[in-house]
S.K.: 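Provided herewith is a single structure, encoded as C-alpha cells, for subsequent inquiry.
Computed from a predicted structure; not experimentally measured.
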Amino acid sequence: MLTATRSWKQGTWRTPSRALLPAALVSLAGFVLLVLHQSLAGYGLLAAALAVAAVVDRALFRDLALIAFGLTVMTLVPITTDISVEHMAVMGSAMILAVGVPYTVSRFVYRDHAVTFPLLTGEPWTRTEKWYLPVVVVMGYALLPFYMISTGVYTNWPAASEPAEIARLFVGTNGLGIWDELFFICTVFALLRRHLPMVQANVLQAVLFTSFLWELGFRAWAPLFILPFALLQAFIFTRTRSLSYIICVHLLFDFVLFLVLLHAHNRAWFDLFIY
C-alpha cells in the first residue's frame with residue numbers, strides 16, 4: 001500500500017492495442033451516463049466493453065470490471081453538491097465502495113496489487129515539485145473566481161453561511177478532491193495503464209474525471225481546464241509515484257475553490273478576488 005505498482009506495461013501510439021476498444025467503451029459509458037444521462041445506453045456500453053474485454057484478454061476483463069463496478073456504484077446515487085448530512089452519507093458511502101472494492105479485490109482476490117495508494121514513497125519532493133505547489137494556488141486564484149462567478153456556476157453549490165454548513169462544505173470539497181485522486185488516478189488510470197500506453201490510458205481516465213465533475217456541477221466551460229488538470233495529475237503521478245503529492249496539488253486548488261464559493265454566496269464577508 002505504501003509503494004506504487006511497477007507492473008504497468010509500456011507502449012507507444014505506434015503499437016495497436018486490442019485493449020483500446022473495450023477500454024474506450026468504458027470511458028464512453030461514463031460520458032453517456034454522467035453527462036448525457038442516458039442510463040440504458042450507458043450501461044449497455046459497459047456491458048459491451050466487458051464482453052469485448054472477455055474475448056480479448058482475461059486480465060483486461062478483470063481490470064475493466066473493477067472500473068465498471070466503481071463507475072456503476074457512483075451512477076446509482078445522486079452526484080450533487082448537496083451538503084446535507086444525509087446526502088453526504090449516501091454519496092460518501094458510494095465513494096468508499098467505488099474505491100474500496102477494487103482495491104480489496106485487486107489485493108486479496110486477484111493478488112496482483114494493481115490498485116495501490118502510495119502515500120509514502122521514501123523520495124523527497126524535488127525543487128520543481130515544491131515550486132509547483134504555489135503555482136497551483138496562483139492558477140486557482142486567477143481562474144476560479146472568474147469562472148465560478150462570471151458563469152454563475154457557483155449557484156450549483158449551496159450557500160453556506162452557518163458554521164456547521166461551512167464546515168460541511170470544507171469537508172465535502174476536500175473529501176471529494178481526495179477521492180478524485182484515489183479513484184480516477186490510483187484506480188482507473190492505474191488499471192488502464194496495465195494494458196494501454198500512457199497517453200491512451202491518460203486520455204480515457206481524463207474523460208471519466210471530467211464527466212464526473214461535470215455531473216457534480218462544474219458546467220459551462222469547465223472541461224477546458226478540468227480535462228488538462230486531470231491529464232496533468234496522471235502525468236505527475238506517473239513521474240512521482242506519489243499519491244500524497246497529487247493530493248496536495250488537488251487540495252490546494254480545492255482550498256481556493258472553497259474560498260471562492262464562500263465569497264460568491266457571501267460577498268460582504270471578504271473580498272480577496274479579482275474577476
Side-chain angles (χ1 to χ4, degrees), residues 33-35 37 70-101 103 117 119 133 136-137 139-141 143-187 208-220 222 225-226 229-230 233 243-244 246-273 275:
L33 287 166
L34 296 168
V35 177
H37 297 158
L71 181 59
T72 300
V73 167
M74 293 309 302
T75 57
L76 293 178
V77 300
I79 301 174
T80 71
T81 56
D82 182 0
I83 56 174
S84 67
V85 174
E86 295 78 14
H87 178 262
M88 292 181 71
V90 170
M91 188 169 167
S93 297
M95 290 162 63
I96 292 172
L97 285 174
V99 168
V101 170
Y103 170 77
F117 306 127
L119 290 171
L133 297 179
V136 170
V137 176
M139 289 191 298
Y141 178 85
L143 174 65
L144 288 174
F146 175 73
Y147 160 68
M148 301 291 290
I149 296 174
S150 67
T151 62
V153 166
Y154 73 91
T155 58
N156 292 336
W157 279 256
S161 56
E162 298 297 326
E165 294 172 338
I166 294 172
R168 291 198 300 273
L169 178 64
F170 181 81
V171 170
T173 54
N174 285 274
L176 187 64
I178 294 172
W179 182 84
D180 286 340
E181 304 303 329
L182 294 177
F183 183 68
F184 295 109
I185 305 301
C186 291
T187 302
L208 286 175
F209 198 129
T210 306
S211 298
F212 177 81
L213 290 185
W214 175 274
E215 173 69 352
L216 184 70
F218 287 91
R219 304 295 174 85
F225 66 87
I226 291 177
F229 179 78
Q233 285 293 88
L243 173 60
S244 58
I246 60 172
I247 284 179
C248 282
V249 170
H250 201 134
L251 293 189
L252 285 172
F253 201 76
D254 280 353
F255 181 67
V256 179
L257 171 65
F258 168 73
L259 293 178
V260 171
L261 290 173
L262 283 184
H263 168 72
H265 285 291
N266 307 278
R267 306 291 177 94
W269 284 11
F270 57 87
D271 188 8
L272 299 175
F273 304 105
Y275 52 88

S.K.: Can you tell me how far the CD1 atom of Ile247 sits from the CG atom of Leu119, to the nearest 0.5 Å?
M.R.: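 The CD1 atom of Ile247 sits 6.0 Å away from the CG atom of Leu119.
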S.K.: Answer yes or no for Arg267 and Tyr275: cation-pi contact, defined as NZ/CZ to six-membered ring centre under 6.0 Å and angle to ring axis within 45°.
M.R.: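 No, cation not above the ring by the 6.0 Å, 45° rule.
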S.K.: Which atoms form the tightest heavy-atom contact between Phe253 and Gly140, and what is the distance?
M.R.: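 Nearest pair, atom of Phe253 first, then Gly140: CE1-CA, 3.6 Å.
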S.K.: Of the options Phe258, Tyr154, Phe270, which is the one that meets His265 in a ring pair (Phe, Tyr, Trp, His ring centres under 6.0 Å)?
M.R.: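 Result for ring pair (Phe, Tyr, Trp, His ring centres under 6.0 Å) with His265: Tyr154.
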S.K.: Any idea which heavy atoms bring Met88 and Arg168 closest together, and the distance?
M.R.: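 Looking at all heavy atoms of both residues, the shortest contact is CE-O, 3.7 Å.
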S.K.: Starting from the C-alpha separation in whole Å, work towards a yes-or-no answer on side-chain contact (heavy atoms from CB on, under 4.5 Å) for Tyr103 and Cys186.
M.R.: CA-CA 10 Å; Tyr103 170 77; Cys186 291; over 6 Å; no
S.K.: Given the rule in the side-chain contact (heavy atoms from CB on, under 4.5 Å) test, do Phe183 and Leu208 qualify, once you have shown the distances and angles that lead to the verdict?
M.R.: CA-CA 10 Å; Phe183 183 68; Leu208 286 175; 5.8 Å; no
S.K.: Are Val35 and Thr210 packed together at the side-chain level, in the sense that at least one heavy-atom pair is separated by less than 4.5 angstrom?
M.R.: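 No. Closest side-chain heavy atoms not under 4.5 Å.
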S.K.: Which of parallel (below 30°), tilted (30 to 60°) and perpendicular (above 60°) describes Trp157 and Phe218?
M.R.: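 Ring orientation, 0 to 90° scale: perpendicular.
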S.K.: Grab the two heavy atoms, one from Asp254 and one from Gly177, that are nearest each other, plus how far apart they are.
M.R.: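 Closest heavy-atom pair between Asp254 and Gly177: OD2-CA, 3.3 Å.
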S.K.: Could you check if a side-chain atom of Ile96 sits within less than 4.5 angstrom of a side-chain atom of Val99, using non-hydrogen atoms only?
M.R.: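 Ile96 does not reach Val99 side chain to side chain.
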S.K.: Hey, does Val249 have a side-chain heavy atom less than 4.5 Å from the side chain of Gln233?
M.R.: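 Counting from C-beta outward, Gln233 and Val249 do come under 4.5 Å.
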S.K.: Centroid-to-centroid, Phe184 to His250, below 6.0 Å?
M.R.: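 Not under 6.0 Å, so no.
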S.K.: Could you tell me whether the side chain of Thr81 reaches within less than 4.5 Å of the side chain of Leu169, counting heavy atoms only?
M.R.: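 No, their side chains stay 4.5 Å or more apart.
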S.K.: Rounded to the nearest 0.5 Å, what separation is found between the CG atom of Leu76 and the CG atom of Leu33?
M.R.: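 The CG atom of Leu33 is 9.5 Å from CG of Leu76, to the nearest 0.5 Å.
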S.K.: Can any side-chain N or O of Ser211 pair as donor or acceptor with the backbone N or O of Leu34 at less than 3.5 Å?
M.R.: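 Flag not set: sc Ser211 to bb Leu34 has no pair under 3.5 Å.
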S.K.: Between Arg219 and Thr151, is the side-chain contact (heavy atoms from CB on, under 4.5 Å) condition met? List the steps.
M.R.: CA-CA 9 Å; Arg219 304 295 174 85; Thr151 62; over 6 Å; no
S.K.: Is it true that a side-chain atom of Asn266 and a backbone atom of Ala160 form a donor plus acceptor pair closer than 3.5 Å?
M.R.: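 Looks like yes, one N/O pair under 3.5 Å.
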S.K.: Could you give the distance from CZ (Phe146) to CG (Leu144), rounded to the nearest 0.5 Å?
M.R.: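 It comes to 12.0 Å.
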S.K.: Determine whether Trp214 and Ile226 make a side-chain contact, defined as any pair of heavy atoms from C-beta on separated by less than 4.5 Å.
M.R.: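 Answer no - side chains too far apart.
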S.K.: Looking only at non-hydrogen atoms, find the nearest pair between Trp179 and Ala98 and report the distance.
M.R.: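 In terms of heavy atoms, the two residues are closest at CZ2-CB, 4.0 Å.
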S.K.: At what distance, to the nearest 0.5 angstrom, does OH of Tyr141 lie from CG of Leu259?
M.R.: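 Atom-to-atom, Tyr141:OH and Leu259:CG are 11.0 Å apart.
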S.K.: Roughly how far, to the nearest 0.5 Å, is the CD atom of Glu181 from the CG atom of Leu243?
M.R.: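 So the gap between those two atoms works out to 7.5 Å.
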S.K.: Taking all non-hydrogen atoms of both residues, which atom of Leu216 and which atom of Met91 are closest, and how far apart?
M.R.: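 Smallest interatomic distance, heavy atoms only, reads CD1-CE, 4.1 Å.
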S.K.: Can you check whether Val73 reaches Val101 side chain to side chain, under 4.5 Å on heavy atoms?
M.R.: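 Val73 does not reach Val101 side chain to side chain.
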S.K.: What is the distance from atom CD1 of Ile178 to atom CZ of Phe117, rounded to the nearest 0.5 Å?
M.R.: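 Result: 12.5 Å between the selected atoms.
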S.K.: Using side-chain contact (heavy atoms from CB on, under 4.5 Å), reason through Glu215 and Thr75 one step at a time and then give a plain yes or no.
M.R.: CA-CA 10 Å; Glu215 173 69 352; Thr75 57; over 6 Å; no
S.K.: Is the centre of the Phe225 ring less than 6.0 Å from the centre of the Tyr147 ring?
M.R.: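 Judged by ring-centre distance (under 6.0 Å), Phe225 and Tyr147 do meet the cut-off.
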S.K.: Given side chains that start at C-beta, do those of Val256 and Leu252 come closer than 4.5 Å, heavy atoms only?
M.R.: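 Side-chain contact under 4.5 Å: no.
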S.K.: With a 4.5 Å heavy-atom cut-off, do Leu257 and Met148 have their side chains touching?
M.R.: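 Touching, per the 4.5 Å side-chain cut-off.
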S.K.: Where is the tightest heavy-atom contact between Gly217 and Asn156, given as atom of each residue plus distance?
M.R.: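 Here Gly217 and Asn156 meet closest at O-ND2, 2.8 Å.
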